[in-house]
Enquirer: 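Mind having a look at this structure? Questions to follow.
Numbering of residues begins at 1 and proceeds along the displayed sequence.
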Amino acid sequence: MQKDPECTPPSESTQPPSSAREPEVVPPGDAEGCARPLDTVPKKLCGYLSKFGGKGPIKGWKCRWFFYDEKKCHLYYSRTAQDANPLDSIDLSSAVFDCKVDAEDEGTFEVKTPNRVITLKAATKQVMLYWLQQLQMKRWEFHNSPPALPVTPAAGLSGNGPTLHLNLEQEEAELEEFLCPVKTPIGLVGAAAALQPVPAMPSTLQNISLKHLGTEIQNTMHNIRGNKQAQAIGHGPLMEESSQGVEPQGGEQSSTSDPSTPGKEPEEPPKPTPRSSLPSSPIQKPKRQSNTFPFFSDGLARSRTAQEKVAALEQQVLMLTEELKSQKELVIILHKALEAAQQEKRASSAYLAATEDKDRLELVRHKVRQIAELTQRVETLEQDRERLVHEAGLLEQQVQELQQHVQLLMDKNQAKQQVICKLSQKLTEDLAQPEQPASGDFLSQQERIEHLKDDMEAYRTQNRFLNSEIHQVTKIWRKVAEKEKALLTKCAYLQARNCQVESKYLAGLRRLQEAAGAEAGGFSELLQQLVQEALQWEAGEASGSVELRPISEYDDYGFLTVPDYEVEDLKLLAKIQALEVCSHQLLALEAVERPLRERWAALTELAPSAELKQLLRAGVPREHRQRVWRWLVHHRVRHLHSPGCYQELLTRGRACEHPAARQIELDLNRTFPTNKHFTCPTSSFPDKLRRVLLAFSWQNPTIGYCQGLNRLAAIALLVLEDEESAFWCLVAIVETILPAEYYSKTLTASQVDQRVLRDLLSEKLPRLTAHLGQHHIDLSLITFNWFLVVFADSLISDILLRVWDAFLYEGTKVVFRYALAIFKYNEEEILRLQDSLEIYQYLRFFTKTICDSRKLMSIAFNDMNPFPMKQLRQLRAVHRERLEAELRELEVLKAEYLERRASRGRAVPESCVSEDEGEGDG
C-alpha cells in the first residue's frame with residue numbers, strides 16, 4: 001500500500017494552500033505576468049480526475065478535466081482540457097467531502113451534494129488530499145466573501161480587502177491543526193496539468209459521456225474546425241505546437257532556429273495580433289461560448305497580454321461610470337421624493353383652502369388615486385415577503401441536510417476510531433507473543449504488520465480530514481443560520497411596514513368618511529365600497545403563509561383580532577388597532593422579544609427573586625407562560641392545596657345542586673363572546689368552566705358565586721388548559737391576592753379600591769383629575785369593572801396577559817399601576833374632549849385603542865414610581881374606615897325608616913286596607 005502523502009509542517013511550508021499564493025506554473029494567458037511577485041498570481045484549481053459513472057456496459061471510471069469557477073462555486077468538468085463547453089458542473093456551496101480509505105482504488109473520494117453523490121478518483125493519494133483541501137478552502141472562501149461586482153483582475157487581487165484575506169489565513173491555520181497542508185503535485189494539478197497528455201483509458205468509447213452526447217459532438221466539431229482552419233492559414237507545425245500548450249520560450253526557439261525561413265523572421269512577431277482579433281477564429285469562438293470554463297491554448301498568449309491590461313483599465317472606467325450613474329439616479333430619486341412631499345403639502349393646503357364641494361371632490365379623487373398607488377406598493381412588498389420566505393425555507397433545508405451529514409460523518413468517524421483501536425490492540429497482542437515463528441511465517445507476519453501500519457496511518461489521515469470537514473461544515477452551518485436570522489428579521493420588518501401602510505390607508509378612509517358625512521352621491525358610495533373591502537378577511541391567503549401572515553383572524557388564545565361590532569366605525573377602528581398591534585410586535589421581535597425568550601429559556605428553575613420580578617413585568621412568552629403560571633399559582637396556594645380536593649368538590653356538586661348553579665349557567669353564555677373557545681358548540685371549554693365555578697362555589701361558601709368570577713376562571717383556563725389548575729388559580733386570586741370581601745354582597749373592598757384609585761389619580765395625574773372633576777365625571781363607573789375582573793373585558797389579550805403575568809406575582813399593586821398607566825397613556829386625548837357625554841363615550845372603549853404594550857409597561861413601572869405598598873395599605877385603611885362608617889350610618893337610617901313604616905302600618909284604618917290584604921283575610 002502506498003505510504004503517506006508528503007506533508008509539510010507549518011514551520012517548513014512557506015506558502016500554505018490558499019486561494020492566491022501557491023507557486024504553480026503560470027497559465028498560458030499570464031505568460032507576461034511573471035514580472036509580478038509569485039504569491040500574487042491567482043491560482044487555478046484544475047486538473048484531470050476520474051469520475052465514476054455511466055450505465056450498463058460502459059459503467060466505470062471516466063477521465064474528466066475538472067476546473068473550479070470562483071464566482072459560482074461550481075466545479076465544471078469536460079472530457080479534455082481543450083473542450084469548449086463543459087459536460088456538467090457540481091455545486092460546491094452546499095456540498096460536503098469524504099475520502100474513502102477503504103475503497104478498492106486508491107485516491108477515491110466523494111463529493112456529496114443535496115441532490116447527488118459524485119465519486120471521484122485521483123492519480124495518487126497525495127493528489128486526492130490536495131484536491132480535498134483546496135475544495136474545502138474554495139468552499140469557505142465562497143461562503144465568507146460578499147457578492148462582488150465585476151472588477152478588473154488587478155482590482156480583484158487587491159480589492160477583496162484585508163478582512164477576507166485574514167479570514168482565509170485564519171481558516172487555513174485552523175485546518176492545519178487537523179491535517180497538515182499537502183504540497184502541490186507538480187504537473188498533476190493547476191494550469192500545468194493541461195500541458196500533459198490526456199490519461200489513457202481502456203477504450204475510447206468508455207470515456208465518452210452518452211448523457212451529454214450533444215455537448216460531446218459540439219466539442220468534437222469545434223476541435224476539428226479549429227484544426228482545419230489552423231492548417232488552412234498555413235502556420236503548420238508552429239500552430240499545432242502552440243495549440244498543444246508548449247511554453248512560449250520553446251515556441252520562440254523553434255521559430256528562430258528554422259533555417260528554411262531566414263528572411264521572414266522580422267515579420268513573425270506582428271502576426272499573432274491580427275490573428276487574435278479575428279472574430280472567426282476557432283480559438284476565440286469557444287471562449288465566448290463558455291466564459292466560466294478554461295480553454296488552454298498558447299497560440300494567443302503573447303498577443304492577449306496587452307489587450308488584457310487595456311481591458312482591465314476599460315473595465316475600471318466602466319465601473320466608475322456605473323457608480324457615477326447610480327449616484328445620479330439616487331439624486332433623482334431624492335428629488336422626486338422631495339417633489340412628492342411638496343405636492344402632498346400643496347394638495348392638503350388646496351383642500352383646506354377650497355370653498356366649493358367640486359374642488360374638494362376633485363382633491364379627494366386625487367387622494368383615492370394615491371391610495372390605489374399605495375395598494376400596489378403593498379402588493380409589491382407582499383411579493384417580496386413571499387420571496388424572502390421561500391429563500392428562508394431553502395436555507396433551512398440546506399441547514400438540515402448539512403446537520404444530517406455532519407452527524408453521519410461523526411458516527412463514521414467514531415466507528416473508524418473504534419476500528420483503529422481494535423487494530424492497535426491486535427497489533428500489540430501480536431507483538432507481545434514470545435514464540436519465535438518459522439522464517440516463512442515470520443516474513444509473512446512482518447509483511448502483515450507493515451500493511452496494518454499503513455492501514456492505521458491511512459485511517460489516521462482520514463480521521464484528521466473528517467475532523468477538519470466537520471469543523472468547517474459546522475462553521476458554515478452557523479453562518480447559514482445567521483443569514484437565515486437576518487432574512488427573517490428583514491421579513492418581519494417588511495411585514496411591520498406593510499401593517500403600517502395598511503393602517504394609514506384605513507385611517508385615511510375613516511377620515512374621508514367622517515369628512516364626507518351623510519352626503520349622497522358616487523363619492524360616498526365609493527368610500528363605502530372601499531371600507532367594506534378593507535374589513536373583509538382575505539381568507540384565501542391564509543393557507544400559503546399562516547406563520548408569517550401579518551394578521552390572523554384569531555390570536556393565540558382564540559380571541560377575535562377584529563371583533564364583529566355592529567357599528568361599522570368600530571369595526572374600522574378595531575382593524576386599525578389590530579394592524580398597529582401587529583406592527584409593534586414585529587418591530588420588537590428581534591430587539592426585545594427574542595432576547596426575552598432566550599432569558600426565559602435559560603431560567604429553568606423558578607424562585608422568588610428580583611430578576612424573576614423584572615422578567616414577569618416584561619411579559620412571559622407564550623411557550624413558557626403555562627409553566628410559569630402553574631408555579632405562581634402553586635406558590636400562592638401551597639398552604640391550601642390538598643390532593644384530591646378538586647375531585648371531592650365535583651363529586652359533592654353532582655350529589656347536590658348548589659344555589660348558584662342557575663346563575664352560573666346563565667353567565668356561561670355571556671363569557672367572552674369574541675373568543676372561539678367559548679362560542680364554538682363543540683368546544684370543551686364551557687363544560688370545564690362550569691365545573692370550575694361550581695367547585696369554587698362549594699370551596700368558598702362565603703362568596704359562593706359572584707358575577708365576574710366567570711371571566712377570571714376563563715382566562716385561567718385559556719392559559720393553563722387544565723381545569724384543576726384553573727380552579728386553584730381562581731382560589732389564589734380570590735383568597736390570597738385580592739383583599740377579603742372583594743366579592744362579598746356589599747363589595748366593600750372593591751369600593752375601597754375605587755376611592756384609593758381616585759386619590760392616586762389626583763396625586764399622579766393632577767391635570768387629568770381636574771379636567772374630569774370640572775365635567776363631573778365619575779370614574780368608578782368605568783374602572784370598577786377593571787378591578788373586579790382584572791382588566792379581562794378591557795384590554796386586548798396580548799396586553800391583558802402581560803398584566804396578569806405581573807399580577808399573579810406582585811398582587812393588586814399591579815392593577816393600580818396599570819389603571820394609572822392607562823389614563824396616562826390616553827391623557828392628552830381625554831384633555832382634548834370638552835363635553836361630559838363625549839368623555840363618557842370615549843372612556844367606554846378607550847382601553848381598546850392601546851396598541852403598544854411596551855410603552856404601557858414602561859409607564860406603569862417607571863413613570864408611576866414611587867409606588868410603595870405601605871402607602872397603598874394606609875389609603876385602604878383610611879377609606880375602609882370611612883366606608884364602614886357610611887355603611888353603619890346607612891344601616892341606622894334604614895332601621896329608622898323600617899320602624900316608621902311599621903308604626904304607620906299599625907295606625908292604618910280599616911277603610912285603607914288594600915284589596916290584597918282584604919282578600920287574604922278572607
Enquirer: I would like to know whether Leu606 and Leu612 meet side chain to side chain contact (heavy atoms under 4.5 Å, CB included); could you show each step before the answer?
Expert: CA-CA 8 Å; Leu606 300 175; Leu612 179 63; 4.1 Å; yes
Enquirer: Are more than 12 heavy atoms, taken from residues, nucleotides or ligands other than Gln626, located less than 6.0 Å from that residue's CD atom?
Expert: yes
Enquirer: Please report the shortest heavy-atom distance between Ala122 and Met128, naming the atom on each side.
Expert: CB-N, 3.5 Å
Enquirer: The criterion is side chain to side chain contact (heavy atoms under 4.5 Å, CB included); which residues satisfy it with Glu396, sequence neighbours excluded?
Expert: Gln400, Glu484
Enquirer: Charged N to carboxylate O below 4.0 Å: is that the case for Asp88 and Arg64?
Expert: no
Enquirer: Quick one, Val189 with Cys46, criterion side chain to side chain contact (heavy atoms under 4.5 Å, CB included). Give me CA distance, side-chain angles, the key distance, then yes/no.
Expert: CA-CA 6 Å; Val189 294; Cys46 51; over 6 Å; no
Enquirer: What distance do Ile470 atom CD1 and Lys475 atom NZ have between them, rounded to the nearest 0.5 Å?
Expert: 14.5 Å
Enquirer: Let me have the donor-acceptor pairs involving side chains of residues 617-625, under 3.5 Å, with sequence neighbours excluded, atom names and distances please.
Expert:
residue, atom, partner, partner atom, Å
Arg617, NE, Glu810, OE2, 2.8
Arg617, NH2, Glu810, OE1, 3.0
Arg622, NH2, Asp556, O, 3.3
Glu623, OE2, Arg597, NE, 3.1
His624, ND1, Arg627, NH2, 3.4
Arg625, NE, Asp805, OD1, 3.2
Arg625, NH1, Tyr557, OH, 3.2
Arg625, NH2, Val620, O, 2.8
Arg625, NH2, Asp805, OD2, 2.9

Enquirer: Taking side-chain hydrogen bond (donor to acceptor under 3.5 Å, both in side chains) as the test, write out the residues that go with Asp384, two or more places apart.
Expert: none
Enquirer: Can you name the side chain to side chain contact (heavy atoms under 4.5 Å, CB included) partners of Arg478, sequence neighbours left out?
Expert: Thr474
Enquirer: Could you check if a side-chain atom of Leu92 sits within less than 4.5 angstrom of a side-chain atom of Lys138, using non-hydrogen atoms only?
Expert: no
Enquirer: Roughly how far, to the nearest 0.5 Å, is CG of Asp852 from CD1 of Ile799?
Expert: 8.0 Å
Enquirer: May I have the step-by-step check of side chain to side chain contact (heavy atoms under 4.5 Å, CB included) for Gln133 and Trp131, ending in yes or no?
Expert: CA-CA 6 Å; Gln133 286 185 340; Trp131 271 95; over 6 Å; no
Enquirer: Any idea which heavy atoms bring Phe465 and Gln136 closest together, and the distance?
Expert: CE1-NE2, 3.6 Å
Enquirer: Are the side chain of Asn467 and the backbone of Asn463 linked by a donor-acceptor contact shorter than 3.5 Å?
Expert: yes
Enquirer: Any non-hydrogen side-chain atom of Val719 less than 4.5 Å from a side-chain atom of Leu801?
Expert: yes
Enquirer: Would you say the side chain of Lys51 lies within less than 4.5 Å of the side chain of Ile118, judging by non-hydrogen atoms?
Expert: yes
Enquirer: Would you call Lys336 and Ile333 a side-chain contact if the rule is heavy atoms closer than 4.5 Å?
Expert: no
Enquirer: Lys855: what forms a salt bridge (Lys or Arg N to Asp or Glu O under 4.0 Å) with it, not counting sequence neighbours?
Expert: none
Enquirer: Grab the two heavy atoms, one from Asn85 and one from Ser78, that are nearest each other, plus how far apart they are.
Expert: O-CB, 4.0 Å
Enquirer: Can you tell me how far CZ of Phe97 sits from OG of Ser468, rounded to the nearest 0.5 angstrom?
Expert: 10.5 Å
Enquirer: Would you call Arg116 and Glu110 a salt bridge, taking side-chain N to carboxylate O under 4.0 Å as the test?
Expert: no
Enquirer: On a heavy-atom basis, which atom in Leu120 and which in Trp61 lie closest, and how many Å separate them?
Expert: C-CZ3, 3.9 Å
Enquirer: Tell me every residue that passes side-chain hydrogen bond (donor to acceptor under 3.5 Å, both in side chains) with Gln407, counting only those two or more places apart in sequence or in another chain.
Expert: Asp411
Enquirer: Quick one: salt bridge (Lys or Arg N to Asp or Glu O under 4.0 Å) partners of Lys121, sequence neighbours excluded?
Expert: Asp105
Enquirer: If you look at every heavy atom in Val96 and Arg139, which pair is closest and at what distance?
Expert: CA-NH1, 3.7 Å
Enquirer: Could you state the interatomic distance from CG (Leu45) to OH (Tyr130), rounded to the nearest 0.5 Å?
Expert: 6.0 Å
Enquirer: Between Glu373 and Arg377, is the closest basic N to carboxylate O distance under 4.0 Å?
Expert: no
Enquirer: With sequence neighbours excluded, tell me which residues meet ring-ring contact (aromatic ring centres under 6.0 Å, His included) with His677.
Expert: Phe685
Enquirer: Find out whether Ser853 and Asp798 are in side-chain contact, i.e. whether some heavy atom of one side chain is under 4.5 Å from a heavy atom of the other.
Expert: yes
Enquirer: Do the side-chain N and O atoms of Ser93 and Asp91 include a donor-acceptor pair separated by under 3.5 angstrom?
Expert: yes
Enquirer: Quick one: ring-ring contact (aromatic ring centres under 6.0 Å, His included) partners of Tyr48, sequence neighbours excluded?
Expert: Trp65
Enquirer: In Å, rounded to the nearest 0.5 Å, how long is the span from CG of Asn413 to CG of Leu408?
Expert: 12.5 Å
Enquirer: Give the minimum heavy-atom separation between Ser797 and Phe559, together with the two atoms involved.
Expert: CB-CD1, 3.6 Å
Enquirer: Do Leu616 and Val628 have side chains that get closer than 4.5 Å, going by heavy atoms?
Expert: yes
Enquirer: Nearest 0.5 Å, what's the CG-SG distance between Leu49 and Cys63?
Expert: 8.5 Å
Enquirer: For Leu394, enumerate each residue passing the side chain to side chain contact (heavy atoms under 4.5 Å, CB included) test, keeping only those at least two apart in sequence or located in another chain.
Expert: His390, Gln397
Enquirer: Taking side-chain hydrogen bond (donor to acceptor under 3.5 Å, both in side chains) as the test, write out the residues that go with Thr108, two or more places apart.
Expert: none
Enquirer: Could you check whether any side-chain heavy atom of Leu75 comes within less than 4.5 Å of a side-chain heavy atom of Phe67, counting everything from C-beta outward?
Expert: no
Enquirer: For residues Phe66 and Tyr77, establish whether the separation of their ring centroids is below 6.0 Å.
Expert: yes
Enquirer: Answer yes or no: is there a side-chain heavy-atom contact under 4.5 Å between Arg802 and Arg854?
Expert: yes
Enquirer: Show your reasoning for whether side chain to side chain contact (heavy atoms under 4.5 Å, CB included) applies to Arg387 and Gln383.
Expert: CA-CA 6 Å; Arg387 177 177 57 79; Gln383 293 174 359; over 6 Å; no
Enquirer: Listed by chain and number, what are the side chain to side chain contact (heavy atoms under 4.5 Å, CB included) partners of Pro114, not counting sequence neighbours?
Expert: Ser94, Glu401
